[in-house]
Amino acid sequence: MKYSIPRGTKDILPADSPLWQKLEAICRHVFGAYNYHEIRTPVFEKTELFTRSIGNTTDIVKKEMYEFKDRKGRSLCLRPEETAPVVRAGLENGLIRPDQVTKLYYIGPMFRYERPQAGRQRQFHQAGVEVFGSADPLIDAEVILMNVQLFEALGLMDLEVNMNSVGCPKCRPEFRQQLKAYFKDNISKMCDDCRDRFEHNPLRILDCKEAKCQKFINSAPASVDTLCADCKTHFEEVIKMLDYQEAKVVVNKRLVRGLDYYNRTTFEVVAKSLGAQNAISGGGRYDDLVAELGGKPTPAVGFAIGIERVIEVLKKSEIALAQQPKVKIFFAALGDEARKLAFDLVIGYRERFINADMDYLGKSLKSQLKLADKLGAEKVIILGEDELKKGYGIIKDMKTSKQEEVKLDSLAEVM
RNA sequence: GUGGCCUUAGUGUAGUGGUAACACAACAGAUUGUGAUUCUGUUAUUAGGGGUUCAAUUCCCCUAGGCCACCCCA
């Protein structure tokens with residue numbers, strides 16, 4: 001094959017696209033019910049937007065960005081995530097204001113230069129929401145509940161919703177210190193990755209999967225125990241609201257999120273059926289990002305779902321696969337005269353938005369009927385030279401195989 | 001970026017150091033204008049490049065891609 005698809009990307013073929021459409025429609029439906037409005041931003045942005053927001057030390061920025069220079073030498077990046085672009089767009093267009101609540105959602109492709117694997121591609125799709133302007137725990141709860149409702153609406157089962165609080169710039173340094181103090185003595189006995197994390201990002205040690213590290217991690221201090229008074233109250237309020245709504249959310253003290261901008265509430269939903277890359281959505285609060293990107297200090301919360309991963313779960317669980325549209329009426333014509341008439345009639349049906357089709361290859365009647373059958377046609381109109389001469393066509397019901405003769409001028413009204 | 005497995009017709013799979021098999025799909029036909037069945041036929045120089053050999057699809061190396069895991073993340 002001379003041309004093949006770039007590594008880590010996938011074509012979404014007609015067999016799958018109805019499922020995508022269904023998923024997107026349900027996202028819009030649920031987000032709409034919570035009064036979120038769609039925003040669409042460019043797939044590329046100035047590189048600096050991402051280095052500022054996501055954090056210079058994260059893998060995303062260090063080695064996963066599709067960066068390029070345009071013809072004027074400006075450094076641009078294919079977006080690896082959409083929170084920063086939404087903040088940028090919201091600020092630039094006056095949508096985000098400290099004194100009002102703004103609710104936005106987006107659906108679209110993201111790009112990260114990673115080694116492909118199950119549930120991980122270089123171009124993948126996310127649907128996400130962002131709320132700006134409120135620090136109220138109700139908003140944290142609302143966003144989590146909306147996420148849960150979305151998955152329920154899709155019929156997903158065996159999900160686990162984890163949440164945690166990572167504190168704020170006031171109390172997180174304290175937690176970091178405690179962690180480093182705790183691991184200091186034993187870090188030499190832990191894995192290479194953890195030793196690296198100890199230096200650069202001690203919080204990440206908490207979700208290491210190595211057995212030899214686990215025994216030390218188990219009794220490590222938890223972020224929720226070192227929260228400052230404000231963060232603690234906030235966290236408790238969120239939990240209270242979720243309990244009140246009977247949401248099945250589990251507090252997971254080990255949950256750490258990768259992006260630098262998160263503070264206080266973080267959460268993620270994992271699907272047990274998926275394998276290593278099993279997080280199907282993730283998000284949290286990021287109260288300092290808007291100011292970091294040049295706006296007035298404005299609290300915010302958001303999350304994103306990984307569409308490919310959700311699609312995988314949907315396929316595995318055999319949840320009602322959406323159907324391709326089927327042909328309602330098919331015209332089998334023989335001879336130039338008849339084909340011309342058939343074309344005229346087909347167009348007429350289509351103008352009324354009735355799915356109609358015909359043969360374009362000059363096939364035999366037998367082949368045309370075979371095709372009609374394959375397309376799932378309900379009715380076939382047979383137009384042969386003999387019929388044409390006599391001024392009628394044959395209408396055949398493909399289910400019952402019954403045929404009847406119908407006058408040509410009433411063929412436009414069969415369906 | 002690291003590691004393991006893999007790469008044969010449209011799809012899914014056999015197989016052997018001597019010039020490729022099966023299933024499904026697709027297309028065509030079965031006395032010439034009627035669909036799901038049945039029968040027949042048609043459809044591949046075995047990912048690309050290099051090497052070993054009289055000879056490679058089968059052995060070795062490289063490249064590309066796929067799958068899976070680590071890292072990380074949705």
Side-chain angles (χ1 to χ4, degrees), chain A residues 1-10 13 15 54-55 57-64 79-83 107-128 147 191-194 196-197 200-201 204 207-210 256-259 267-271 274-284 302-313 327 330 332-335 338 359 361 363-388 394-403:
Chain A
M1 199 76 67
K2 192 169 182 186
Y3 297 107
S4 56
I5 195 166
R7 182 157 204 209
T9 63
K10 287 239 164 69
L13 302 173
I54 299 171
T57 59
T58 59
D59 277 16
I60 294 179
V61 167
K62 273 195 303 189
K63 54 186 193 188
E64 295 176 2
R79 62 184 184 204
E81 58 109 37
E82 172 101 67
T83 297
I107 300 176
M110 310 295 155
F111 308 84
R112 290 181 202 172
Y113 190 90
E114 296 184 276
R115 192 85 168 254
Q117 140 187 16
R120 176 197 281 164
Q121 295 166 205
R122 291 184 171 179
Q123 175 175 341
F124 61 100
H125 297 76
Q126 291 186 330
N147 193 170
C191 71
D192 292 350
D193 288 325
C194 278
D196 199 53
R197 293 181 184 117
H200 302 109
N201 195 349
R204 293 227 67 92
D207 57 9
C208 181
K209 290 155 200 153
E210 285 285 330
V256 186
R257 307 235 76 243
L259 280 49
F267 70 99
E268 76 179 17
V269 182
V270 298
L274 274 190
Q277 311 301 326
N278 62 0
I280 55 174
S281 83
F303 71 82
I305 75 165
I307 295 184
E308 280 84 356
R309 292 181 185 177
V310 172
I311 296 266
E312 275 314 296
V313 180
V327 171
F330 187 91
L334 297 165
D359 163 66
L361 295 172
K363 293 189 181 203
S364 67
L365 179 61
K366 187 190 181 79
S367 294
Q368 293 194 45
L369 279 162
K370 231 183 228 179
L371 179 60
D373 188 50
K374 202 173 70 178
L375 297 175
E378 288 174 22
K379 288 186 161 63
V380 174
I381 307 287
I382 300 170
L383 294 170
E385 275 150 353
D386 296 350
E387 286 84 1
L388 225 56
I394 295 169
I395 167 168
K396 174 164 188 162
D397 185 310
M398 293 299 275
K399 281 221 178 71
T400 62
S401 292
K402 281 190 181 134
Q403 303 191 166

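In what follows, chains carry the letters A, B, and so on, assigned in the order in which the sequence lines appear, proteins first and then strands, with residues in each chain numbered from 1. Predicted, not measured: the structure shown is a model, and the values here were computed from it.
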Please report, rounded to the nearest Å, how far the P atom of B/A28 is from the NZ atom of A/K374. 9 Å
Any side-chain heavy-atom pair of A/D373 and A/K370 under 4.5 Å: no
When the P atoms of B/G17 and B/U11 are compared, how many Å lie between them, rounded to an integer? 27 Å
CG (A/L334) and CG (A/D359) are apart, to the nearest 0.5 Å, by 9.0 Å
Roughly how many Å is it from CG in A/N278 to C1' in B/C70, rounded to a whole number? 15 Å
Measuring only between side-chain heavy atoms, which start at C-beta, is A/N147 closer than 4.5 Å to A/F267? yes
With both distances under 3.5 Å as the test, what is the Watson-Crick or G-U wobble partner of B/U38? B/A30
Counting the atoms with a prime plus P, OP1 and OP2 as sugar-phosphate, which does A/I382 contact under 4.0 Å by heavy atoms, base, sugar-phosphate, or nothing? base
Distance between P atoms of B/C59 and B/C73 (Å, rounded): 41 Å
Kindly point out which of B/G66, B/A74, B/C72 is positioned nearest to the side chain of A/A279? B/A74
Between B/U45 and B/U38 - P atom distance, rounded Å: 29 Å
Can you say whether a donor on the side chain of A/E64 sits under 3.5 Å from an acceptor on the base of B/G1, or the other way round? no
Determine, step by step, whether A/F124 and A/R112 satisfy the side-chain contact (heavy atoms from CB on, under 4.5 Å) criterion, reporting the C-alpha distance in whole Å, the side-chain angles of both residues, the deciding distance to 0.1 Å, and the verdict. CA-CA 8 Å; A/F124 61 100; A/R112 290 181 202 172; 3.7 Å; yes
Can you tell me how far the CG atom of A/L369 sits from the NZ atom of A/K396, to the nearest 0.5 Å? 5.5 Å
Please state whether the phosphate of B/C68, meaning OP1 or OP2, lies under 4.0 angstrom from any side-chain nitrogen or oxygen of A/Q117. no
Give me the distance, rounded to whole Å, that separates B/A26 from B/A9 when you measure between the C1' atoms they each carry. 12 Å
Starting at CD of A/Q121 and ending at C1' of B/C67, how long is that distance when rounded to a whole Å? 13 Å
The answer to which of A/K363 and A/V256 contacts RNA chain B further toward the 5' end, by nearest nucleotide, is A/K363
Specify the separation, in whole Å, of atom CG of A/L371 and atom P of B/U34. 17 Å
Distance between the P atoms of B/U7 and B/U43, in whole angstroms? 25 Å
Inter-nucleotide C1' distance (B/A56, B/G50), Å rounded: 14 Å
d(CD, A/Q403; C1', B/U34) in whole Å: 6 Å
For a quick check of understanding: with a heavy-atom distance under 4.0 Å over all strands, which category does A/G8 fall into, base, sugar-phosphate or nothing? sugar-phosphate
Interatomic distance where CZ belongs to A/R115 and C1' belongs to B/C5 [whole Å]: 13 Å
Which nucleotide in the list B/G1, B/A28, B/C73 gets nearest to the side chain of A/R112? B/C73
Proximal nucleotide (of B/G29, B/G33, B/C68) relative to the A/D386 side chain: B/G33
Looking at B/U34, does its base get a donor-acceptor pair with the side chain of A/Q368 below 3.5 Å? no
What does B/U13 pair with, Watson-Crick or G-U, if both distances are under 3.5 Å? B/A21
Taking only the C1' atom of each, what is the distance from B/G49 to B/U57 in whole angstrom? 16 Å
Between A/R204 (CZ) and B/C70 (P), how many Å, whole number? 13 Å
Tell me: CD of A/Q277 to P of B/C70, nearest whole Å? 7 Å
Across the strands shown, which category fits A/E387 at heavy-atom distances under 4.0 angstrom: base, sugar-phosphate, nothing? base
Name the closest nucleotide to the A/E114 side chain, picking from B/C67, B/C72, B/G3. B/C72
Of the listed B/U34, B/G66, B/C68, the closest approach to the A/R7 side chain comes from B/G66
A/R197 side-chain proximity, nearest of B/C72, B/G65, B/A30: B/C72
My understanding is that a pair needs two contacts under 3.5 Å, Watson-Crick or G-U wobble. By that rule, which nucleotide pairs with B/C67? B/G4
Out of B/C72, B/A36, B/C67, minimum distance to the side chain of A/K370 belongs to B/A36
Sugar-phosphate only, base, or nothing, as touched by A/G128 at under 4.0 Å among non-hydrogen atoms: nothing
What distance, rounded to whole Å, do you find between the two C1' atoms, one in B/G1 and one in B/U58? 34 Å
Which of these nucleotides, B/C72, B/G29, B/G33, is closest to any side-chain atom of A/S367? B/G29
Does A/K396 get its side chain close enough to the base of B/U34, under 3.5 Å, for a donor-acceptor pair? yes
Paired to B/C59 by Watson-Crick or G-U wobble criteria (both distances under 3.5 Å) is B/G51
Run the numbers on A/H125 and A/I107 for side-chain contact (heavy atoms from CB on, under 4.5 Å), then give the verdict. CA-CA 7 Å; A/H125 297 76; A/I107 300 176; over 6 Å; no
How long is the straight-line distance from NZ of A/K63 back to CD of A/E114, given to the nearest 0.5 Å? 9.0 Å
Atom pair CD/CD1 of A/E387 and A/I381 - distance to nearest 0.5 Å: 11.5 Å
Quick one: the side chain of A/R120 and the base of B/C71, do they pair up donor-acceptor inside 3.5 Å? yes
Would you state whether a donor and an acceptor, one from the side chain of A/R309 and one from the base of B/C73, lie under 3.5 Å apart? yes
When the nearest nucleotide of RNA chain B is assigned to A/Y113 and to A/L334 on a heavy-atom basis, which residue is associated with the more 5' position? A/Y113
With both distances kept under 3.5 Å, what pairs with B/C72, Watson-Crick or G-U wobble? none
Between A/R7 and A/R115, does the side-chain contact (heavy atoms from CB on, under 4.5 Å) criterion hold? Intermediate values first, please. CA-CA 9 Å; A/R7 182 157 204 209; A/R115 192 85 168 254; 3.9 Å; yes
